[in-house]
Amino acid sequence: MNHCPDITRIQDHLDGLLPESEARAFRTHLERCAACAAEVALYRRVLGDLQHLAIEDPGPALTERILDRVVPSRVRRKWVSIVGWAYTAATAVTTFAVISWASRPDTPAWVMARVADLYFHLAQTALFTLHTMVSAVLRLGDGWGLLRSFGEFMSPLVRALALSFSNPVVAGVAALAVLGAGLLLAWMRPRVAGSALTRKGVRHVDLLGF
Amino acid sequence: VTSHTEEERRANDLIQSLPPHYRVVVVLRHQQDLSYEEIAEALHLPLGTVKARIHRARELLKTRLAARDREEHGNQP
């Protein structure tokens, strides 16, 4: 076994990683060394067996579940969805609690008045919307008339909005909301990575938004 | 249900006999046909570690194969 290549060199040879001159010397050595030839034969059997490893198809459902957990854009989308549902649920519970509390017989008069005001404004808004829609449908035949009528109906709303935004607090909150929405959109944008795996032909990764 | 040939069953038995950290690199190398560099990137491991683990895993499999051969030959009359 003098001058026998170590185990690592045998495996490098089987992987085809040895330079040609070393590979030639190794093959020459194998012809004379029974021990190394036996080692190589065993390694060849191992590699031959490993070639038969079955490729399991996990199915689309499992693939989707894994992608939902590891693809950054999907993870962000999931969290945005959770926050959205939590916000909706919190709003519904709060509204229900406030209405239940305001409907009790011993509710103070000023609360009842505020709730009545709220219902009145809600009904007014619903009627305004309905009236606008009906008028728009009736004037569908006249394109300019439809536009003018829409402008006439919308002008009080635009004036009311302009009046609201003249309040510094309302304008500040609206500006913050716009900024927050912009940041959220920027955070959710698809990102393309330049890793070696994507460069070497795993093209679907790009489409998934990595 | 997936049906396996005898060769596939033997290969799966070999893989299952390995410790998990060896099993992962062997599957990526021999089932997914990834290069050493790609395995190192996928697992966030140094290239030398990947190579050493694959070599060590094959050495383990080779030793078990040799032991099994000796047992079979020893049982023969």
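Chain A is the first sequence line, chain B the second, and so forth, proteins listed ahead of strands; every chain is numbered from 1. It should be emphasised that the depicted structure is a prediction, and the values quoted were computed from it without experimental measurement.
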Within the 4.5 Å heavy-atom criterion, are B/Arg64 and A/Val46 side-chain neighbours or not? no

Should the pair A/Asp15-B/Arg58 be classified as a salt bridge under the 4.0 Å nitrogen-to-oxygen rule? yes

Just verifying a value: how many Å separate B/Lys62 NZ and A/Arg44 CZ, rounded to the nearest 0.5 Å? 14.5 Å

At a heavy-atom separation under 4.5 Å, does A/Leu14 approach chain B through its side chain, its backbone, both, or neither? neither

Quick one: CG on A/Asp49 to CG on B/Leu61, what's the gap to the nearest 0.5 Å? 9.0 Å

Does A/Phe165, at its CZ atom, have more than 12 non-hydrogen atoms belonging to other residues, nucleotides or ligands within less than 6.0 Å? no

Please tell me if the side chains of B/Asp69 and A/Leu42 come closer than 4.5 Å, counting only heavy atoms from C-beta onward. yes

Identify the heavy atoms of B/His30 and A/Leu50 that sit nearest to each other, and give their distance. CD2-CD1, 3.6 Å

Which one wins on heavy-atom pair count under 4.5 Å against chain A: B/Ile15, B/Thr63, B/Val27? B/Ile15

Which atoms form the tightest heavy-atom contact between B/Glu59 and A/Gln11, and what is the distance? N-NE2, 4.1 Å

Check whether any side-chain heavy atom of B/Thr5 sits under 4.5 Å from a side-chain heavy atom of A/His52, and report yes or no. no

In terms of heavy-atom contacts, does CE of A/Met154 have more than 12 from other residues, nucleotides or ligands at under 6.0 Å? yes

So which bits of residues 43-50 of chain B come within less than 4.5 Å of chain A, counting non-hydrogen atoms only? none

Taking ring-ring contact (aromatic ring centres under 6.0 Å, His included) as the test, write out the residues that go with B/His21, two or more places apart. none

